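Please read the structure below before turning to the comments.
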Number of protein chains: 2
Amino acid sequence: MSARPAAWVFVGDLGELRLGPGDAHHLSRVLRLRAGEDVGASDGAGRWRLCLVTSVGGGDVRLEPAGPVVADEAPQPPLSVGFSLVKGDRPELVVQKLTELGVDRIVPLAAARSVVRWDAERAARGVGRFRQVAREAAMQARRTRLPEVSPVTSLAAAAKALGDQGALCEQGGDEPPSLRRPALLVGPEGGWDPEELACGLPVVGLGPTTLRAETAAIAAAVLLCGLRGRTVQEAAGITRSK
Amino acid sequence: MSARPAAWVFVGDLGELRLGPGDAHHLSRVLRLRAGEDVGASDGAGRWRLCLVTSVGGGDVRLEPAGPVVADEAPQPPLSVGFSLVKGDRPELVVQKLTELGVDRIVPLAAARSVVRWDAERAARGVGRFRQVAREAAMQARRTRLPEVSPVTSLAAAAKALGDQGALCEQGGDEPPSLRRPALLVGPEGGWDPEELACGLPVVGLGPTTLRAETAAIAAAVLLCGLRGRTVQEAAGITRSK
């Protein structure tokens, strides 16, 4: 990882290395790159190559390859975190943090007690914005894989799709987080409603404190990514105090 | 924890139960409490009692005791997280999340590569604001202990004060987080400078991804609190890939 250059972009084709206007602006105006400097270009699907800036100007930044295409192995298992929509810009904060931390799939949930209700048009706009936030965060974090941002879904639909990969998060939950359940779904501030709790998924606890919805989603991502990256290990066989 | 009422305030004296105007406003206007409803009142030092609202009006909320004073045992070991000052409202976000997660001491750091430089007056104002944010987050999280927010300090001074309790966080750090080093200090976006890295503290890694400074501070808190609450356990003896 340390060999990756600080500047990072996503391109459609690692042979052509064509930048969109937003990315060219980012490299030239925000990062102030000049000809001769290094950039990492990734296809967002696990492959990247070292590039050199050849010219900057007229709103465009041109790159040429300066290294072979490198394929990153996908870390296993893929990790998913679902979070219930809340008001304001906290959902974008969640998407940004989950992306930085390395979550593979981000699932916006319309929970029964979600304060926010989005109609179809607003949901499409919201998910589009989440994808943009995820792309920017992945550039910042120099990821080679863009996370998938799912359409807004109900807990019932998410639970069905996840099957035995999924678990709900709830304060005082019975089980510790585990890679055997690599998809954690975090409820809204008021918690899951009884019908949702009866969806068939086991309930995982994230710790003894009362967390805001967005903090719980970030904590779920830190713990899952920490388990996968072996920064910590599973609390197997430990009975936790409530 | 589940026996704690949703509404929570800090008072100077658990016998007198006098509220400040800000807290009275919070209970009456934000939480819209009415006479007869439950409130938890805490002294911020580990003790709390169940109370009843007896009247609301004229900008004041009156409480009477409805239960005995309960003393919470302090969780061991006390956890500290230091974070380097950055621009904008991200330091407040860090203080809010660290408080919710259960950190006991929050240490704002002026690192060599911190983009933000505060003079003494600005630092005093900033720390005052952090203490206010911590108090609000502790109310939201129904903590019985307010975290300590230290004055802004250099890494050298923090390292000296922490001694063998402290560790630096850096991507690719040698050691996993551990309760044997319950004080983690997170550097600025550009990382610690070589002189800081030579301060004598060991270097802990938070995982394989490149995190923004504020995300790293939150991740450090999630992992330390997860270890203390036994949501996860230490990755002892595991060599992590870089």
Side-chain angles (χ1 to χ4, degrees), chain A residues 1-4 6 8 75 90 93 96-103 137-143 171-173 175-178 189-190 204-212 214-216 218-242, chain B residues 1-4 6 8 75 90 93 96-103 137-143 171-173 175-178 189-190 204-212 214-216 218-242:
Chain A
M1 299 285 280
S2 47
R4 289 189 191 168
W8 196 258
R90 290 187 287 156
L93 179 79
Q96 181 190 71
K97 297 310 170 211
L98 266 42
T99 303
E100 279 178 61
L101 288 161
V103 168
M139 282 170 68
Q140 158 93 24
R142 290 176 275 164
R143 283 182 63 158
Q171 198 190 342
E175 298 185 12
S178 160
E189 223 88 309
V204 159
L206 298 175
T209 54
T210 307
L211 300 174
R212 280 168 185 254
E214 84 270 14
T215 316
I218 296 167
V222 170
L223 295 172
L224 283 179
C225 295
L227 290 169
R228 185 171 70 177
R230 299 190 188 177
T231 307
V232 288
Q233 59 182 319
E234 197 178 320
I238 288 178
T239 309
R240 287 160 308 117
S241 60
K242 290 198 182 179
Chain B
M1 298 286 282
S2 47
R4 291 189 190 169
W8 196 258
R90 290 187 287 156
L93 177 80
Q96 182 191 68
K97 297 310 170 212
L98 266 43
T99 304
E100 277 177 62
L101 288 160
V103 168
M139 283 170 66
Q140 158 93 24
R142 289 175 275 164
R143 284 183 62 157
Q171 198 191 342
E175 298 184 11
S178 159
E189 222 88 311
V204 158
L206 297 175
T209 54
T210 306
L211 300 174
R212 279 169 185 257
E214 84 269 14
T215 316
I218 296 167
V222 170
L223 294 172
L224 283 179
C225 295
L227 290 169
R228 185 172 71 178
R230 298 188 189 179
T231 307
V232 286
Q233 60 181 320
E234 196 178 324
I238 288 179
T239 307
R240 287 159 309 119
S241 61
K242 290 200 180 177

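Just so we're on the same page: letters track the sequence lines, and every chain starts at 1. Owing to the predicted nature of the structure, the values given are computational and were not obtained by experimental measurement.
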>> Minimum heavy-atom separation for B:E100 and A:T215, please, with both atom names.
In response: OE1-OG1, 2.7 Å
> Checking heavy atoms, do the side chain of A:E234, its backbone, both or neither come under 4.5 Å from chain B?
Replying inline: backbone
> Among A:K97, A:R143, A:R228, which has the most heavy-atom pairs under 4.5 Å with chain B?
Replying inline: A:K97
>> Among residues at least two apart in sequence or on other chains, which ones pass side-chain hydrogen bond (donor to acceptor under 3.5 Å, both in side chains) with A:R212?
In response: none
>> I need the minimum non-hydrogen distance between A:L101 and A:V222, along with the two atoms involved.
In response: CD1-CG2, 3.7 Å
> Taking only residues two or more places apart in sequence, or in another chain, which ones meet B:A216 in a side chain to side chain contact (heavy atoms under 4.5 Å, CB included)?
Replying inline: B:V186, B:L206, B:L211
>> Is B:Q140 close to chain A through its backbone or its side chain, or both, or neither, when contacts mean heavy atoms under 4.5 Å?
In response: both
> Which of the residues A:G102, A:A221, A:P177 is involved in the greatest number of heavy-atom pairs with chain B at under 4.5 angstrom?
Replying inline: A:P177
> What heavy-atom pair brings B:A235 and B:P176 nearest, and what distance separates the two atoms?
Replying inline: O-CG, 3.6 Å
> By a 4.5 Å heavy-atom criterion (distance strictly below it), what part of B:L93 contacts chain A: side chain, backbone, both, or neither?
Replying inline: side chain
